[in-house]
Structures are given as structure tokens and as C-alpha cells.
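Each remark here refers to the structure printed beneath this line.
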Amino acid sequence: MTQYIVRRLLTVIPMLLVITYLAFSLMRLAPGDPTLFMFLASDTQGMTPQQVRDQMGIREAYKGRGDEEVVSASEFQKEKLGLNDPIPVQYFNWMSKVVQGDFGRAMRTAELIGPQMRLRVGVTVRLTILATLLSVLIGIVVGSISALYQYSLFDNVVSFITYIFIGVPGFLLATWVIIFFSIRLGWFPAGGMYNPRTGGDFADRAYHMALPVLVMGISGSAGLIRWTRSSVLETMRADFVTVARAKGMKERVVRSRHIFRNALLPVITIIGRGVPDIIGGSAFFELAFNYPGMGMWVAQAAAAKDFSVLMAAATVTAVLVIFVNLVVDIAYVWVDPRVAYS
Amino acid sequence: MSVQVATSTESDQEVPIERPSLAAQNARMFLRNPGAVVGLAFMLVITLSVIFAPWVTPFEPQEIDVQAIRKPPSVDHLLGTDLTGRDMLTRILYGGRVSLLIGLLAVIIRTVIGLVLGAVSGYFGGVADFLIQRVVDIMMNFPTIFLLLILVGIFGPTPSMLLIGLGALGWPPDTRVFRGQILSIRELDYILAARAIGTTNWGIIRQHVMPNVMHLVLVNMTLNIGVVIIAEAGLSFLGLGVQPPTPSWGNLLTSSNNLTLIQRFWWLWVPPGLVLVGTVIALNLIGDALRDIFDPRRRR
């Protein structure tokens, strides 16, 4: 097992390097010095954003959404920061800083990325873990019941609802929910992470988190319900289920031991494969609920063409997703003894 | 009496097959699925009215009526007007052109890439397979929306960039699906037979492999158009979709997606919302019905 994990990590690291290298060289295609701020941090520790701009002699022309969204530094600064080096060298310099947790400064606000990153990652990880758990719970329970009672009223209603959830974009659903539950009914706060007036204790934060998690979890469950349903249906037709019934086993035992245990295996893979989309999709929910996590950050950075934030977020996301997939693979071994990694 | 005998001997010789053709059987199965029929009807109505938009509506999508700003639906403007006095029905129809065209083109791009790479990967295997699958791994391990945001962020939300982003980034799952199917086809006896009589690899792929993946291609494309339409709407929500004043279903929906507008002017978001959601659901209904038809295990 340990050997398997080590080997997986060894294949994962080149993957990470490829992703980040491609992203890094893509960024360089933007006009000006898009990577400039990625290299600012160690020498500018403790400075305010304005001081940084002044001292580095950074010209910035990004007012409006025209073509002249260019950030550039003087020739002297470029040389000093290594912006004239070949891209692989720059990439290496950047990577060796990133490994130490130094992502440089945000291009638009000139603020340090590292501390922001820690906050935002925590927020998104919390949000996506809770939402995923909710999705999995709903998906497996509802999907299984739908399959056991195929073509019943319940099954038909569920399949109708899943079609709607697949058709409605997440941000639209979020807006409806906010209008109905927050504004009309007043049950939940309309957005934010906590009540700024009270400062936000644990209960208050949980209260603010409830609606985003519910919406994310429920809308994400639609796909899982359908996968679970078809997987359970397929397993119900398998020969070993018929044999189990023929042996005279109780229906309850057949269902729990023969049907569900086998039907849920492919569902685990589906959950793992869905992780990138859950993290990506959280951008919409974070924006709609004004919930400042990674997704919101990336979306705003892309709109503002803030390349250093985009680059940092892309790297951290890739690490997160790869880590989650590793966990899913290990979970697979644990659930399915037939799979042995050696 | 004698006539009857004659026909029976004749039929003995010719072995008449009275069963309807496979296509007819499939069509009948499709028509027996109420969801699929509703979906198909919906798509037909939408597609036709979008194509013939200039004949359906007397207005231009950019045309501003200063007499009618933010007016609810009336006889003049069937679905009302938006904040600058443009006819909503017209904008929805022309926006449909944009959304459906982006959906179709992007899906064609990703399907072609997926098919070519899937065929190389599944049919030939070896180093090419290994490399392609590693790239697929990398791409599928990363949130597509973030990649899209990075691309659109660097190169700007131009129409061609959106197409490339939505089309060219979607191929990894398609490649994987097609590869799986082609791998299993490769092992079949008739491929061996074709090879035995000297058919070239290219000939085998074209004549024997491709026809047997086409049903998957059809199902995939149908479902993916909906995915692309939603992705475009999502990008619009983040301000990086099709840029106004060019209408798309995505930007029509998101331009009214704030708490005040949604509550006060329902005609700004209900019609585009219904059309967008309806289209995606219709495509899913059609795609699922097709999948059921082509997969004998899923038949009722």
C-alpha cells in the first residue's frame, strides 16, 4: 500500500510540473510583464501595495477593459527580477519560491498572495467537502431507492427533478434560492461568511454556510442520483443476485450485501472524477453567495487579468485535486478487496 | 386456393423477412419514449424559430425603442423590452443563434479531437496511447472552468477564443469514452477477418471501427451541446462569456441576474431562463433516449 502511494506520488509530481509549466508559459503570452508580480515578495516584505509600486517603478495601465491592460517594469528591475531570462529558467525560479509557500504578489492589488491563499483555500475546502458529503448522501440514498422501485411514482418524480437540476445553471439556482429563502422568507442570510457586526462566532458562520452548502450539495447530487440509479439497476440484474435470491437469502441481506456493495463501487469512482468540477463549480456559488473562497478569487482574477493570482490558484487547485484523487483511490482499495495495488 | 399455394412456395424460396428495418425499429423505440418526443419537438420549435428569426420577429436585436423601456410583455413586444428598450423576444431568438451555434461548433471540435485521439489511442495502442492517456489524465484532473478562465483571461473573451476554449478543452472525457469503445471493437472477430484479407489499418478504422462508434458519438454530441450552453452561461455570469451587445442566452440571463431586476422585472429573466433550461433538458432527454436505444441492456 505504502509502495502504491509512493508510486502514485511519483507519477503525480511530473503531472503537476507539466500543468504548471504550460500555464506559466501561457501567461507569458500576455502583453507586458504578466509574471512580474509573481517574483515580488521576498525583497518587498512588509511594504504596502503603493510602496511596492512606487519603489519598483511599475507602470500599470489597466483602467477599463481595453487592449492596453499592461503591467511593466523598468529594464533595470526586469533584469534584477530575472524577467529577461528564458522561460524555463523563470519557471524554475518561480517554482522554487512556490515550494516554499511564496506565491509573490497579486498583480492588481499588489497584495501578498500567500496569506490570502491560505484563507481562501480553507474556505473552499470546507465548502466543497460539506457539499460533496451532502451530494453523496442524497445521491446514494435517493438513487438507490429510485432503482429499487423503478418506474414508481417516486422514481418518476426524482428523474424529473434531476433533469431540472442538470438543466439549470448553478448561478441561476443560487439566485432563486437567495430570493426565496433569504429575501422572501428571511430564513437565511443572503450572503457573506459571517455577520460583520457581531464578528461571527462558530454558530453564525455555520448559519451563513448553510445555504451555500445546501444549494451546492443538492444541485451536485443530480448527476450522482442518476449514476447510482443506473448502477444499482445493473447490479440487480447480475447473476449473483439471482443466485443469492435462489439460495433463499432474505431480501434485506441480498440488497445490502450483494446489490449495494457492488453497485456503489463505480459510484466512488464517479465521485472522485467529479472533484475537479465541484471545485470549479464552487466559483459560481461563491460569487452568488458572496462567499470569498478560491473559486470567487479565480473568477475575479480572470476578469481583472490578474495573472499572478491565476497562476497561484491554478497550482494550488491542481495539488488539491490530485490529493483528493489519491484519497479516492485508497478508499477504493479499502471498499473493494478485489482491487490490490502492488 | 391455388393462388395461396403459389405464394407459399414462393415465400419458401425467397425467405421473406417481414421484420421492419433496424432504423425503423429504433425510430419506433424513440417515438415510444414520451420524454424524447417532447424534447425533440421542443428542439425543433426552438431551432426553426431561431434560424428563421428575421421572419418571426419584426425587430432587430440591437434596435432600441425609446418609447418602450423596461416595458412588460404587450402586443407590440410579445416578451417585453429590456433596460434599454430592446425587444426581448428578438434578443432571445438572436441569442439562441449564438448559443446554439457555439454549442454545436464547440461540440463538433471536441468530438473530432476526441474521435481522432480516441482512435489512435484505442486502435494502435502503444506509446501514442500512453502519451494521450497521460494528457487526458492531466486535463481531467483539473477543473475545466479554471482552464477556461485562464485562457479567456489571457486572450480575452472573443468569439473564437470561446469556441476554442469550450471546444478544445472538452475533448479528454470524449477521448476516453471513444477509446474504450474502440478498444473493445478492436478485439472482435470481424476486425481480425478484415485484417486477414489484407485491409489496411486506415481501411479498418474507416469501414469497421467508425461505424460502430457512431452511436456513441451521436449520444455524446447531443448531451454535450447542453453542457457547452451551460458553460457559456457560466462564463457570462463571470463576465467572460459572449460580450454584450451581442446577445446569447447566457448573457441575457446573467445581465438580469441580480436581486433587484429578478424581483421587479420577471420578463427579463424568465423567458431566456426557460429557453436555456428547456433546451438543455430537451437535449438530455433526447440523448438519454438515444443511449437507451443503442444500449440493449438499458431497454425496458
Side-chain angles (χ1 to χ4, degrees), chain A residues 11-12 14-16 18-19 22-23 26-27 29-30 34 65 67 151 159 163-164 166-172 175-176 178-179 183-184 190 230 233-234 237 273 275-281 283-284 287-288 295 298-307 310-311 313-314 317-318 321-322 325, chain B residues 35 39 134-135 137-157 173 176 223 226-227 229-240 243 249-250 253-254 256-259 262-263 269 273 276-285 288 291 297-298 300:
Chain A
T11 54
V12 148
M15 249 164 80
L16 257 176
V18 172
I19 297 181
L22 284 179
L26 260 179
M27 303 269 158
L29 290 178
R65 304 194 78 196
D67 289 330
Y151 305 133
S159 90
Y163 272 115
I164 290 183
I166 287 170
V168 176
F171 64 88
L172 194 62
T175 317
W176 290 348
I178 293 172
I179 287 179
I183 297 179
R184 291 282 157 86
S230 65
L233 279 177
E234 212 161 287
R237 295 196 197 110
R273 221 183 284 160
V275 166
D277 292 330
I278 298 172
I279 295 182
F284 301 108
L287 269 177
V298 173
Q300 287 170 344
K305 298 196 173 186
D306 192 325
F307 298 113
L310 273 181
M311 198 58 223
T317 311
V321 173
I322 286 169
N325 278 325
Chain B
R134 290 296 77 73
V135 178
D137 277 343
I138 292 177
M139 301 262 302
M140 281 177 71
N141 257 321
F142 198 73
T144 322
I145 184 78
F146 283 8
L147 281 179
L148 255 175
L149 287 177
I150 292 175
L151 268 187
V152 177
I154 296 173
F155 299 105
R176 189 148 281 181
L223 296 174
V227 173
I229 290 178
I230 292 218
E232 190 276 322
L235 278 180
S236 290
F237 177 66
L238 304 177
L240 292 165
Q243 296 299 300
W249 288 343
L253 199 51
T254 49
S256 58
N257 195 66
N258 74 52
L259 300 180
I262 272 196
Q263 295 190 76
W269 65 274
L276 187 142
V277 173
T279 302
V280 177
I281 293 178
L283 288 167
N284 270 286
L285 287 169
D288 287 347
R291 192 194 327 227
R297 286 177 309 167
R298 284 171 179 256
R300 286 197 183 191

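The shown structure was predicted, so the numbers you read here are calculated from the model rather than taken from an experiment. Each chain gets a letter, A, B and so on, in the order its sequence line appears, and its residues count up from 1.
Residues passing the side chain to side chain contact (heavy atoms under 4.5 Å, CB included) test with A/Ala283: none are found, sequence neighbours excluded. B/Ile150 pairs by the side chain to side chain contact (heavy atoms under 4.5 Å, CB included) definition with A/Met27, A/Leu310, A/Ala314, B/Ile154, not counting sequence neighbours.
Of the listed residues (A/Asp277, A/Leu26, A/Asp306), the one with the most heavy-atom contacts under 4.5 Å to chain B is A/Leu26. The most heavy-atom pairs under 4.5 Å with chain B, out of A/Ile164, A/Val275, A/Ile179, come from A/Ile179.
Of the atoms belonging to A/Leu16, not a single heavy atom falls under 4.5 Å from chain B. For chain B, the nearby part of A/Ile178 is the side chain; its heavy atoms alone come within less than 4.5 Å. Contact of A/Val18 with chain B is made through the side chain alone, with heavy-atom distances under 4.5 Å. Heavy atoms closer than 4.5 Å to chain A are found nowhere in B/Leu147, neither backbone nor side chain.
A/Glu234 and A/Ser230 form no side-chain donor-acceptor contact under 3.5 Å, judged by distance and modelled atom types alone.
Each of B/Ile230, B/Leu285, B/Val227 was scored for a side chain to side chain contact (heavy atoms under 4.5 Å, CB included) with B/Val280, with one residue passing: B/Ile230.
For the pair B/Leu238 and A/Ala299, the tightest heavy-atom approach, listed with the atom from each and the gap, is CD2-CB, 3.7 Å.
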